[in-house]
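As a basis for the values below, the full set of heavy atoms in this structure was taken, side chains included, without hydrogen atoms, waters or symmetry mates. Below, read A as the first sequence line, B as the second, and so on, with proteins coming before strands; counting in each chain starts at 1. Note that the coordinates shown come from a computational prediction; the quantities given were computed from them, not determined experimentally.
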Number of protein chains: 2
Amino acid sequence: MNVIDGKDVSATRTAYLTLRDMILTGALPAGQKLKIEELRAMLATGASPVREALSLLTSDMLVERIDQRGFRAAPASLANFDEIFSLRCVLEEKALRQSIAAATAEWEERLVLSHHRMKRGAEEGVEPFETAHKAFHMALLDNSGSPMLERFCSQLYDLNIRYRNLAAGGPNYQKRNIAAEHEMILNAVIRGDADAASACLLTHYRHTGDYLSERLTKL
Amino acid sequence: MNVIDGKDVSATRTAYLTLRDMILTGALPAGQKLKIEELRAMLATGASPVREALSLLTSDMLVERIDQRGFRAAPASLANFDEIFSLRCVLEEKALRQSIAAATAEWEERLVLSHHRMKRGAEEGVEPFETAHKAFHMALLDNSGSPMLERFCSQLYDLNIRYRNLAAGGPNYQKRNIAAEHEMILNAVIRGDADAASACLLTHYRHTGDYLSERLTKL
DNA sequence: AGGTCAATAAATATCGATATTTTAATTTTA
DNA sequence: TAAAATTAAAATATCGATATTTATTGACCT
């Protein structure tokens, strides 16, 4: 039916990915009513795939569902942003420490590789960098041995990205040298220094967190 | 259409609640294929509500969905159980500490009340106690000011209950005096002693955790 | 004018039928 | 005989139509 990455996917999955992207980028504004008929027409598909996609998006906390009253894009607020930030700090630190504790040569190589790809992506443009940036951060955590924890972190990462887009009206970057922070994290991890790595990671998040928080208050 | 608690609810919601309960109690065994047609017949409803309910259950990590290949009840494993336990410890401690930090007279009264109801429920039977027990534990956390955190905790609580049921073939209880542990937690919270309260809560969980872990290994 | 109630419009939720895809069984081929 | 290809069966996914529910409008009464 539909084809994504050369693969056949269901209409539901296509709808899910499209709607997800639209909410993350702000094309569907926070709090907006999501009418089945409109989405159905926009996605050129039936009501069932749309409803199912929306149901799936509630898992990701990107859509709210009220029984008998339809769906709406999850509302955004500074309080919610702070919450996400606070949860990320706890969960990513836990995941990072577990990953380091279980470190293997193979994992470290994966890290170095994803770090390299991120630097390369930065030269290519915003979109490739965004993808590679998430991949790098998830690679830091994906040796934790805890799939649920990783799922939570990935979910919270995306929710955070949404606020970045909301704050900027699209992907945008600060002048501050993020590359150096990434380098420090990577080095600490390779060194096997969990305390330093955690500290670097949290500092990294605090920097972007403060920056975004400031911009969001202005809205 | 359907009526639950004197309220009108959608077929989707009815299906959601029923299937949820069946998975938590083990009536639908871990890993089992969930065929739409079978569920549709069992619930005497259409395919759409069933599919939507299953999609919603993936949020709760109670159902797995594989594109084009249907749904299955989430598999269970000792590793997964340990993961849930480990996450609960981190998240519930955080929620509890935040709740205590924001303590109000009104919250404390709610706690005392739910504690009382739990004791009362224990006399009435297993089912009322189960409900009241969850209510008490959630009340401990529901002053955290962090809806997402509370949602995670509630989700993990349910996943843990599922393992309890899996281990026992139904609700069952140890001889050990759980009531005393609850009392200690409540008192520490009322006292405003966050450290003691956290310690008590975690000990409480560790006790049941070890107990269940032992039983689960025997399966 | 303000508020209630009924009628209408809009949107959600659900059903039943059908198309598509996957899985299983069977036959063919090397 | 084992692997590959074909066919048949089963299950998933999707559509289009309809029933239900909620939201809106405007008349009516006090």
Side-chain angles (χ1 to χ4, degrees), chain A residues 1-20 22-23 28-60 62-75, chain B residues 1-23 28-75:
Chain A
M1 203 101 220
N2 288 287
V3 176
I4 292 179
D5 275 344
K7 277 179 192 166
D8 238 42
V9 294
S10 61
T12 295
R13 182 150 182 79
T14 310
Y16 170 77
L17 292 172
T18 309
L19 291 173
R20 186 164 178 282
M22 292 182 75
I23 294 174
L28 288 174
Q32 178 158 110
K33 185 88 215 295
L34 301 174
K35 297 184 193 169
I36 306 296
E37 177 56 26
E38 281 179 14
L39 299 180
R40 198 202 56 69
M42 161 194 287
L43 300 167
T45 186
S48 321
V50 170
R51 293 185 61 83
E52 233 174 279
L54 290 172
S55 296
L56 290 170
L57 283 165
T58 60
S59 335
D60 303 334
L62 289 171
V63 164
E64 270 186 6
R65 175 202 164 91
I66 305 159
D67 203 42
Q68 233 98 330
R69 207 151 308 178
F71 302 84
R72 62 179 53 244
Chain B
M1 202 101 221
N2 287 287
V3 176
I4 291 179
D5 276 346
K7 277 179 193 165
D8 239 41
V9 294
S10 61
T12 295
R13 185 151 180 78
T14 309
Y16 170 77
L17 292 173
T18 309
L19 291 173
R20 187 165 178 280
D21 194 63
M22 291 182 75
I23 295 174
L28 288 174
Q32 178 157 109
K33 185 91 215 293
L34 301 174
K35 297 184 192 168
I36 306 295
E37 176 55 28
E38 282 179 15
L39 299 180
R40 197 203 56 68
M42 161 194 288
L43 300 168
T45 186
S48 322
V50 170
R51 292 185 62 83
E52 232 174 280
L54 290 172
S55 295
L56 289 170
L57 283 165
T58 59
S59 335
D60 304 334
M61 306 201 224
L62 288 171
V63 164
E64 269 186 6
R65 175 202 164 92
I66 305 158
D67 205 42
Q68 234 97 328
R69 206 149 309 177
F71 303 83
R72 62 180 54 243

Backbone N/O of A:S10 and side chain of B:D67: donor-acceptor pair under 3.5 Å: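 Answer holds: yes.
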
Test item: A:R72 side-chain N/O and A:G31 main-chain N/O as donor-acceptor pair under 3.5 Å: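 A pair under 3.5 Å: yes.
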
N/O-N/O pairs, protein side and nucleotides 7-11 of chain C side, under 3.5 Å:
unit_1 : atom_1 : unit_2 : atom_2 : d
C:dA11 : OP1    : A:K35  : NZ     : 3.1

Rounding to an integer number of Å, can you tell me how far [X] [atom1] sits from [N] [atom2]?
{"X": "A:R65", "N": "D:dT22", "atom1": "CZ", "atom2": "C1'", "answer": "15 Å"}
{"X": "B:E52", "N": "C:dC15", "atom1": "CD", "atom2": "P", "answer": "11 Å"}
{"X": "B:L39", "N": "D:dA11", "atom1": "CG", "atom2": "C1'", "answer": "12 Å"}
{"X": "B:I66", "N": "C:dT23", "atom1": "CD1", "atom2": "C1'", "answer": "14 Å"}
{"X": "A:F71", "N": "C:dT12", "atom1": "CZ", "atom2": "C1'", "answer": "9 Å"}
{"X": "B:R13", "N": "C:dT12", "atom1": "CZ", "atom2": "C1'", "answer": "16 Å"}
{"X": "A:R40", "N": "D:dT14", "atom1": "CZ", "atom2": "P", "answer": "14 Å"}
{"X": "B:E37", "N": "D:dA13", "atom1": "CD", "atom2": "P", "answer": "14 Å"}

Reckon [X] has a side-chain N or O less than 4.0 Å from the OP1 or OP2 of [N]?
{"X": "B:R51", "N": "D:dA13", "result": "yes"}
{"X": "A:R69", "N": "D:dA23", "result": "yes"}
{"X": "A:T45", "N": "D:dC15", "result": "yes"}
{"X": "B:T12", "N": "C:dT14", "result": "yes"}

Residues that B:E64 engages under salt bridge (Lys or Arg N to Asp or Glu O under 4.0 Å), provided they are two or more places apart: none

Check: A:L39 and A:L54 side chains under 4.5 Å, non-hydrogen atoms: yes

Euclidean distance, B:E52 CD relative to B:T12 OG1, rounded to 0.5 Å: 4.0 Å

Result of checking B:L57, B:L62, B:V63 against B:L19 for side-chain contact (heavy atoms from CB on, under 4.5 Å): B:L57

Options C:dT14, D:dT14, D:dT21, nucleotide nearest the side-chain atoms of A:Q68: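 Within the option list, the nearest is D:dT21.
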
In residues 40-49 of chain B, what donor-acceptor pairs under 3.5 Å come from side-chain atoms, sequence neighbours left out?
unit_1 : atom_1 : unit_2 : atom_2 : d
B:R40  : NE     : B:E37  : OE1    : 3.3
B:R40  : NH1    : B:T45  : O      : 3.2
B:R40  : NH2    : B:E37  : OE2    : 3.2

Sugar-phosphate only, base, or nothing, as touched by A:L34 at under 4.0 Å among non-hydrogen atoms: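 Touches sugar-phosphate only.
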
